[in-house]
Structure formats: structure tokens, C-alpha cells
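Heads up: the structure comes next, in C-alpha cells.
First listed ligand is number 1; within each ligand, the first listed atom is number 1.
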Amino acid sequence: MPPRTAVVTGASSGIGAATARHLADAGFDVVLGARRVDRLTEVARAIGGSARAIELDATDDASVARFCAEVPTCSVLVNNAGGALGLETVEHADLDQWQAMYDTNVLGTVRLTRALLPRLIESGDGHVIVIGSIAAYEPYSGGGGYNAAKFAERAVASVLRQELLGRPIRVTEVDPGMVETEFSLVRFDGDAERAAQVYAGVTPLTADDVAACITFAATRPSHVNIDTLVVLARDQAGARQVHRRPTDE
Ligand SMILES: NC(=O)c1ccc[n+]([C@@H]2O[C@H](COP(=O)([O-])OP(=O)(O)OC[C@H]3O[C@@H](n4cnc5c(N)ncnc54)[C@H](OP(=O)(O)O)[C@@H]3O)[C@@H](O)[C@H]2O)c1
């Protein structure tokens with residue numbers, strides 16, 4: 001059987017880059033998409049084989065169309081591109097940030113899924129995997145814009161599963177808790193000190209931990225749909241409860 005193709009969005013860092021590596025190890029031909037082409041190319045080069053890096057801005061219709069035109073076959077789509085911006089209260093909400101979060105996490109997932117669905121169905125064994133978050137279940141102070149986006153993304157995954165029932169395509173949602181990636185650096189606009197505080201005294205998940213879960217879902221027999229995987233570090237019990245060991249600072 002020829003290798004199946006897996007598309008991973010947001011594969012230039014963190015969970016997406018790790019997922020591309022894990023899926024390639026599991027035998028998939030991987031196509032990596034993100035905006036930072038230099039980083040993306042480096043991840044694909046390290047994977048080697050048939051791994052391909054293609055520029056993608058999930059918020060831009062034309063970019064999504066160009067990207068998908070380069071993907072003639074597709075069995076697995078991992079909608080991972082996304083993240084959070086800021087931690088402002090609703091009282092001080094920056095609407096540009098809220099809009100950007102909705103556009104990337106929610107509409108980005110919809111754009112890619114809509115464009116690749118015909119190929120996923122044609123494959124005879126398609127799989128859409130959506131990377132949500134514990135923030136899709138538990139709102140927290142300052143999380144409003146991100147919570148709203150991840151709640152919405154989760155709704156889209158559920159709707160999609162119902163709409164595709166009877167067709168050869170699975171829909172899985174993987175919802176991580178705290179994962180040490182560039183997530184907090186992006187959220188705090190490059191403030192490394194503030195980002196480091198998020199993980200202080202905690203053993204968070206790694207991108208590889210989450211990638212292993214995604215790959216587990218993608219490699220089940222085709223009649224088995226892992227509906228939802230909520231994956232948290234042992235030090236975390238929900239979005240609002242984190243156990244921290246004392247640190248020197
Ligand atoms: N880390 C956590 O604690 C955590 C927890 C729960 C859920 N998640 C979710 O996991 C996913 C991956 O995040 P991460 O933790 O791996 O963070 P990350 O290291 O910041 O990775 C985010 C990825 O998304 C890409 N991306 C952002 N905007 C994009 C756009 N408009 N078009 C295409 N790609 C875009 C980034 O690439 P470019 O900047 O190169 O485009 C990057 O590759 C996100 O959906 C996030 O919400 C993360």
C-alpha cells in the first residue's frame with residue numbers, strides 16, 4: 001500500500017512540528033504548513049524522506065488555496081495552527097486580538113477542512129484531527145478570547161463529526177493542558193520571562209507527549225474513532241488548578 005499523506009498545520013514549532021515528526025515515523029508522507037517558512041523548512045529537512053514544507057497562513061483564503069493546490073492526496077489533516085494572544089480581562093479586551101484568535105483557531109480549521117474534505121473523502125479513509133485545549137472546557141479569568149475561540153473550535157469538531165456520519169472519515173479532537181512550547185511566548189508577545197512563569201515549578205507536557213497522542217489516534221484501525229482525548233500534565237487538574245513546587249526565585 002502506498003504511504004498515506006498527513007497534512008499538519010502550524011508545523012513550524014511546538015506540537016505541530018512534533019506531530020509531523022511522529023506521523024512521519026509512523027509511515028505517513030507529511031506536508032507541513034505554517035507562515036515561518038525558514039523554520040518550517042528546517043523541521044521538514046530534519047524529518048527527511050518525502051516531508052514537504054509549504055507556506056501557509058491559515059487566516060488567508062488565498063494562502064489556504066495555494067497550499068491545498070500542492071496537496072493532491074490527503075488522508076489525515078491535523079488542524080493545529082493556533083494559539084492565544086494576551087491575558088486581558090473582558091473589561092480590557094483587545095478586540096483585534098480576539099478577532100485574530102477566532103480567525104486562526106476557528107476559521108483556520110474551517111478553511112483547511114473545507115478545502116481538503118474532498119480529498120480526505122476520496123482517500124476512502126480520511127481523518128480530521130482538531131487540536132483544541134482544556135480552555136475549550138473550562139473558562140478562566142483573562143482567558144475570554146482564547147476560551148471563546150477554543151469553545152467554538154470544539155463545537156466545529158462536534159458538528160463536523162455529525163455531518164460526516166456515514167462517510168469514510170473520522171473526526172478526533174485532542175485537547176491538551178499546559179504544554180511547554182512557544183505558546184506562552186506568543187501569548188505574551190515575546191516576553192520570555194513572563195512566558196517562563198507559566199511553567200515555573202511545574203512539569204508540563206512536552207510537544208512530543210501530545211504528538212504521541214495525536215499519532216495514536218491517527219493509527220487506530222479505520223473503524224475506530226478516538227472521539228476526544230483530553231491530555232493534561234499530572235501537575236494540572238483542569239485549566240485553573242496547577243500544582244507548583246517551590247522554585248528558587
Ligand atoms: N502549549 C499549550 O499549552 C497548548 C495547550 C492547549 C492547546 N494548545 C494548542 O496547540 C496548538 C499548537 O500550539 P503550540 O503549543 O504548539 O504553540 P506554538 O509553538 O506557538 O505553535 C503554534 C503554531 O501555529 C502556527 N500558526 C500560528 N498562526 C498561524 C497562521 N495564521 N497560519 C498558519 N500557522 C499558524 C505557528 O507557526 P507560524 O508562526 O510559523 O505561522 C506555529 O507553528 C494551538 O492550536 C494551541 O492553541 C496549546
Side-chain angles (χ1 to χ4, degrees), residues 7-22 31-44 53-64 66-68 77-87 97 99-112 129-138 140 143 145-154 156-157 173-190 192 195-196 198-199 202-211 213-214 229-233 235-236 238-239 242:
V7 168
V8 183
T9 70
S12 60
S13 65
I15 295 167
T19 300
R21 286 194 292 271
H22 282 241
V31 180
L32 294 76
R35 294 165 303 179
R36 290 170 296 175
V37 176
D38 49 344
R39 294 276 300 267
L40 199 62
T41 306
E42 186 47 39
V43 176
I54 305 172
E55 185 173 10
L56 169 69
D57 181 348
T59 67
D60 178 339
D61 289 334
S63 172
V64 171
R66 278 194 302 274
F67 177 85
C68 293
L77 166 62
V78 183
N79 282 304
N80 166 77
L85 296 173
L87 199 58
Q97 289 187 335
Q99 245 159 8
M101 286 188 274
Y102 192 84
D103 206 5
T104 313
N105 293 282
V106 187
L107 299 185
T109 289
V110 175
R111 283 188 188 93
L112 268 298
I129 301 180
V130 174
I131 311 308
S133 170
I134 188 63
Y137 298 80
E138 284 188 51
Y140 52 90
Y146 186 56
N147 287 134
K150 287 301 193 189
F151 267 73
E153 196 178 2
R154 183 164 160 239
V156 170
E173 196 188 325
V174 177
D175 295 311
M178 202 182 263
V179 192
E180 193 161 10
T181 61
E182 294 175 18
F183 177 86
S184 296
L185 200 61
V186 172
R187 173 170 234 170
F188 300 129
D189 198 22
V198 174
Y199 312 106
V202 174
T203 306
L205 297 173
T206 65
D208 280 310
D209 294 329
V210 181
C213 294
I214 294 166
L229 270 176
V230 179
V231 190
L232 271 62
D235 283 340
Q236 194 175 14
V242 176

* Asked: Is Arg39 in contact with ligand 1, taking contact as a heavy-atom separation below 4.0 Å?
  -> no
* Structure fact -> Looking at Ser63, Ala239, Gly132, Ala100, the heavy atom closest to atom 7 (C) of ligand 1 belongs to Gly132
* Structure fact -> In ligand 1, the atoms that come under 4.0 Å of a heavy atom of Met178 are 3 (O)
* **Any donor-acceptor pair under 3.5 Å from Asn147 side chain to Ala135 backbone** => yes
* Numbering as shown, the atoms of ligand 1 that approach Ala81 to under 4.0 Å (heavy-atom distance) -> 24 (O), 33 (C), 34 (N), 35 (C)
* Does an N or O anywhere in Gly33 fall below 3.5 Å from an N or O of ligand 1? -> no
* **Per-atom contacts of ligand 1 with Lys150, taking only distances under 4.0 Å to non-hydrogen atoms** => 45 (O), 47 (O)
* To do: Decide, yes or no, whether a salt bridge links Arg111 with Asp57 under the criterion of side-chain N to carboxylate O below 4.0 Å.
  => no
* ligand 1 contact by Gly177, heavy-atom criterion under 4.0 angstrom -> yes
* **Options Gly82, Gly14, Gly16, ranked by nearest heavy atom to atom 22 (C) of ligand 1, top entry** => Gly82
* Structure fact -> Closest to atom 44 (C) of ligand 1 among protein heavy atoms sits Asn80 O, 3.2 Å
* Protein heavy-atom partner closest to atom 15 (O) of ligand 1 - residue, atom, separation in Å -> Thr181 OG1, 2.6 Å
* May I ask you to list the atoms of ligand 1 that are less than 4.0 angstrom from any heavy atom of Glu182? => 19 (O), 20 (O)
* **Non-hydrogen atom of Thr9 closer than 4.0 Å to ligand 1** => no
* To do: Determine whether Pro176 and Ile131 make a side-chain contact, defined as any pair of heavy atoms from C-beta on separated by less than 4.5 Å.
  => yes
* Return a yes/no value for Tyr199: is any of its N or O atoms, backbone included, closer than 3.5 angstrom to an N or O of ligand 1? => no
* Ile214 and Val78: side chain to side chain contact (heavy atoms under 4.5 Å, CB included), yes or no, with the steps? -> CA-CA 9 Å; Ile214 294 166; Val78 183; 4.3 Å; yes
* Asked: Does ligand 1 have an atom that lies less than 4.0 angstrom from a heavy atom of Glu180?
  -> no
* Do Val230 and Ile134 have side-chain heavy atoms sitting under 4.5 Å apart? -> yes
* Kindly say whether Gly10 contributes a backbone atom to a donor-acceptor pair with the side chain of Asn80 at under 3.5 angstrom? => yes
* What residue and atom, counting heavy atoms only, is the protein's closest point to atom 28 (N) of ligand 1, and at what distance? -> Arg35 NH2, 3.1 Å
* To do: State the atoms of ligand 1, each with its element, that fall below the 4.0 Å cut-off from a heavy-atom position in Leu56.
  => 32 (N), 33 (C)
* **Contacting atoms of ligand 1, where contact means under 4.0 angstrom from a heavy atom of Asp57** => 30 (C), 31 (N), 32 (N)
* Aromatic Tyr146 / basic Arg187 pairing, under 6.0 angstrom, 45° off normal -> yes
* Structure fact -> Partner of Glu153 under side chain to side chain donor-acceptor pair (under 3.5 Å), picked from Thr104, Thr109, Asn79, is Thr109
* Reported CG-to-CD distance for the pair Asp60 and Glu55, which is rounded to 0.5 angstrom -> 9.5 Å
* Structure fact -> re atom 19 (O) of ligand 1, the protein heavy-atom contact at minimum distance is Ser13 OG, 2.9 Å
* Is there any N or O on Thr104 that sits under 3.5 Å from an N or O of ligand 1? -> no
* To do: Give the intermediate values and the outcome of salt bridge (Lys or Arg N to Asp or Glu O under 4.0 Å) for residues Arg39 and Glu42.
  => CA-CA 5 Å; Arg39 294 276 300 267; Glu42 186 47 39; over 6 Å; no
* Which of the atoms in ligand 1, numbered in the order shown and given with their element, are less than 4.0 Å from a heavy-atom of Ala58? -> 30 (C), 31 (N), 32 (N), 33 (C)
* Asked: What about Gly10: any of its N or O atoms under 3.5 Å from an N or O on ligand 1?
  -> yes
* Heavy atom of Ala207, distance to ligand 1 below 4.0 Å -> no
* ligand 1 and Tyr146, any nitrogen or oxygen pair closer than 3.5 angstrom? -> yes
* Structure fact -> If we number the atoms of ligand 1 from 1 as shown, the ones under 4.0 Å from a heavy atom of Thr59 are 31 (N)
* Check Asp175, Leu205, Thr19, Thr181 against Val210 for a side chain to side chain contact (heavy atoms under 4.5 Å, CB included) and give me the one that passes. => Leu205
* Structure fact -> Filtering Val179, Leu40, Val174 for the heavy atom nearest atom 2 (C) of ligand 1 leaves Val179
* May I ask you to check whether Thr206 and Asp209 show a side-chain donor-acceptor distance below 3.5 Å? => yes
